[in-house]
Amino acid sequence: MGLTRQGSGVNAATGGAARMLAHTALGFAALAVLFLLILPALFAGNGYWLTVLGNAALLAFASLGVWLTFSIGRINIAQGAFALIGGYVTAILDTRYGFSFFASLPLAGIIAGLVGYAVGWPILRLKGVYFAMITLVLTEVATYAFLNGGSFTNAASGITDIPRPRLLATSLDLYLASAVLLLIGVVIVWRFHISPVGAVFRAMRQGEELAASLGIDIARYRLLAFVVSSGMGGIAGAMFAAVQQNVFPTSYSVNDSINFMLYCFLGGLEWVVGPVVGSFLLIVVFQLLSAIQRFQVLLYAILMIVVMLFLPNGILSLPRVVSGWRNRRAA
Amino acid sequence: MTQILIDGCVLSANYALIALGITLIFSIINLLNFAHGELFMVGAFMVYYVYGVFHLPFVAGLVVAALVTAVIGALFEKFFFAPVMRSSTREENSMLLAVGTALLLDSVALFAFGHEQRGVPDVIPGVMQIAGGFLPYQRLLVLVVSLVLVGVLLWFVQYTRPGRAMRALAQDRDAARLMGVNVERTSMLGFAIGAALAGLAGGLLVTVQGISAGAGPAISIKAFIMIMIGGAGVVGGALLGAVVLGFAESIGYSLLPGSETYLLIFVALILFLIIRPQGIMGHPWG
């Protein structure tokens, strides 16, 4: 599979589908056991690490959305904006209108998705660096918009004292909820990836004009990817609002949007679990090296440059790169 | 009213340097330089140290700013961008690399320069009065020097041999190579000049607005706005984008002090891009 992966878009949708589905189910079961049994068992009673892992799961969930927009060939630097929107939706509904968190969580995803729909429809006409620039600007717009929202968004002081749902009282509950959310996210993105829609996405990444000439309604498909991505960002933001019990216009900056991209890249853009691997790796490593957190941005920067220079296809491509070296040495 | 015009002119001229620099890099090596605002910030700090702290002449500060940022740009191109562009299969790779260099400069600057807002004393004190508006000589200096530099750059690109090589590269890399253009050296030169323009813009504007180590991303975003308005990779578009943004800012801030101005600029930009995704003068998809 490893070597043929790049050209496997069509194969995955037809020929090797049954075998791949079995592999997928097995891989997913392993992932579920890891997140729902092994990790909680290892860190039971260790609230600090459960919080760290829960945060990593939520960041991975938001990054999965970004991954989906990468799969249609768009560089999406707007995920921070949608996380912010999701956070505010939950904050406002919970504190002012007495919504329960579990009612406002899907609403946060839906509203973020609707905003993604309204914004995405025009801006998805842009490609390449143009799309990257406009999504970067969107992250800034969201911050400014909530900053200027007057009493509705509480301007710079943000919304604090968001009640934490009774079901999510302990850090273990929060971790498990985040992990379940992440697994759902993996399933959603995986479903897209192996379905004919996923094949359409990959076709669009390789050439939108070509895809359009085959009769694919590219405007609808790219909007679909962006809306799902935005909705996932909104849900992640809502969960974060519940975990941290506050949200500010500056809760998510351009750097956060960039980090979501970094997680995808670090893991690898060819694998659905790429963003999961990337975000857990970075976040866990940086917690372990807590002494150097002062240098976090510097290390992120160096890491980004090193990965681009030496592992441009992400950490998950390491086995392939290593076997490439071996073959060359053998030859 | 006159005041808005004066401020708009000064800002536009300075922004033109930023926009031209990022356009040069974009058109020559097809890279969106995310670190452009950071290079602006480095240039500003060079002037702060040379002129503000060591009390050497302002011109010396500008020269140091240009040289340091040019060297940073050339090194980035040679050791980071050139190898990745040669081997990468996805356009995203070089862009994320650019983001990495921006973060690198940001964090190094934070350690090297601290996070205080810095300013420098006026080079030429005094204020000129024109038809009811005030134009400090300091701003006049920024305006004049910026316009001269824009003129020099346009002349350089249009009429000199390396300038022609750069334009050839922007049109067609392979054809330029076949015509005997040293593509590697010209790319490096283009990146260095683009970076130096950002550094010079920062070195000039520090005398008016001051600088802090965290100023980079905001400037990069301004640069992006300008090339989105004008059209990426088009010199005329960069100049037009600079004028539009400079005046939008000066008008906006005189009516609505605070962050509403930028919110409106962003919204207007998105509405504009719906009508014309390639910018005013850009060709569709470069």
Side-chain angles (χ1 to χ4, degrees), chain A residues 6 70 73-75 77 119 121-134 136-148 155-156 205 208-209 249 253-255 258-259 261-262 264-266 269 294-310 312-313, chain B residues 26 30-32 34 76 79-81 83-84 87-108 110-111 217-218 220-221 223-225 227-228 232-233 256 258-267 269-271 273-275 277-279 282 284-286:
Chain A
Q6 254 152 357
F70 268 122
R74 293 295 156 84
I75 304 165
I77 322 184
V119 178
W121 174 71
I123 68 168
L124 279 161
R125 291 168 65 200
L126 304 173
K127 289 180 197 168
V129 290
Y130 292 87
F131 188 77
M133 287 191 283
I134 196 75
L136 181 90
V137 165
L138 269 185
T139 306
E140 289 279 295
V141 170
T143 300
Y144 283 127
F146 286 111
L147 209 52
N148 290 303
R205 186 174 85 73
E208 272 190 9
E209 288 80 6
S253 65
V254 169
N255 271 355
I258 289 174
N259 283 346
M261 276 185 0
L262 174 61
C264 295
F265 259 93
L266 188 71
L269 288 178
R294 211 161 72 82
F295 300 99
Q296 184 176 355
V297 180
L298 181 63
L299 287 171
Y300 269 31
I302 293 172
L303 191 76
M304 241 160 145
I305 294 171
V306 168
V307 165
M308 281 306 123
L309 282 175
F310 300 107
N313 294 317
Chain B
F26 183 79
N30 198 18
L31 168 90
L32 183 63
F34 267 82
F76 276 0
F79 292 107
F80 294 160
F81 293 108
V84 166
S87 67
S88 100
T89 48
R90 305 176 75 119
E91 149 186 52
E92 294 95 328
N93 286 6
S94 58
M95 217 186 80
L96 211 74
L97 184 66
V99 175
T101 60
L103 290 181
L104 182 72
L105 286 179
D106 262 336
S107 45
V108 170
L110 203 57
F111 289 116
S220 292
I221 287 174
F224 296 165
I225 293 174
I227 60 177
M228 280 192 278
L256 305 160
S259 56
E260 292 100 327
T261 296
Y262 255 85
L263 185 58
L264 287 179
I265 291 179
F266 287 147
V267 172
L269 176 72
I270 292 173
L271 292 178
L273 288 175
I274 295 174
I275 304 163
Q278 72 270 37
W285 319 135

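In what follows, chains carry the letters A, B, and so on, assigned in the order in which the sequence lines appear, proteins first and then strands, with residues in each chain numbered from 1. These numbers were taken from a predicted model, which means no experiment stands behind them.
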Given that the side chain runs from C-beta out, which part of A/Ile77 has a heavy atom under 4.5 Å from chain B: side chain, backbone, both or neither?
-> side chain
Between A/Val141, A/Leu147, A/Ile302, the one whose heavy-atom pairs under 4.5 Å with chain B are most numerous | A/Val141
Heavy-atom distance under 4.5 Å to chain B: side chain of A/Leu309, backbone, both or neither?
-> both
How many angstroms lie between CD1 in B/Ile265 and CD1 in B/Ile270, if you round to the nearest 0.5 Å?
-> 12.5 Å
Count the heavy-atom pairs under 4.5 Å between each of B/Val99, B/Asn30, B/Leu105 and chain A, then report the option with the highest count.
-> B/Val99
Do you know which of B/Leu96, B/Ile225, B/Val267 has the most heavy-atom pairs under 4.5 Å to chain A?
-> B/Leu96
Under 4.5 Å heavy-atom distance to chain B, tell me which part of A/Phe70 shows up: side chain, backbone, both or neither.
-> both
Tell me, side chain or backbone of A/Ile305 under 4.5 Å from chain B's heavy atoms, or both, or neither?
-> both
First locate atom CZ of A/Arg74, then atom CG of A/Leu124, and finally report the distance between them rounded to the nearest 0.5 Å.
-> 5.5 Å
With a 4.5 angstrom heavy-atom cut-off, which part of B/Ser220 approaches chain A: side chain, backbone, both or neither?
-> neither
The interface call for A/Leu138 against chain B, heavy-atom contacts under 4.5 Å, is side chain
Spacing of B/Leu103 atom CG and A/Met304 atom CE [to the nearest 0.5 Å] = 5.5 Å
Only counting residues at least two apart or in another chain, list the ones meeting ring pair (Phe, Tyr, Trp, His ring centres under 6.0 Å) with B/Phe79.
-> none
Ranked by heavy-atom pairs below 4.5 Å to chain B, first place among A/Asn255, A/Leu269, A/Leu262 goes to A/Leu269
Taking all non-hydrogen atoms of both residues into account, name the closest pair between B/Asp106 and B/Pro217 and its distance.
-> OD2-CG, 3.8 Å
With respect to chain B, which residue among A/Ile134, A/Leu299, A/Leu303 yields the maximal number of heavy-atom pairs within a distance under 4.5 Å?
-> A/Ile134
So, the part of B/Ile227 with a heavy atom under 4.5 Å from chain A: the answer is side chain
Nearest-0.5 Å distance that lies between atom OH in B/Tyr262 and atom CG in A/Asn148 | 14.5 Å
Could you pull out the closest heavy-atom pair between B/Gly100 and A/Ala301, with the gap in Å?
-> O-CB, 3.5 Å
Under 4.5 Å from any heavy atom of chain A - which part of B/Leu110 = neither
Minimum-distance pair of heavy atoms, taken over all atoms of B/Ser94 and B/Leu31 | O-CD1, 3.5 Å
Under 4.5 Å from a heavy atom of chain B, the part of A/Ile258 involved | side chain
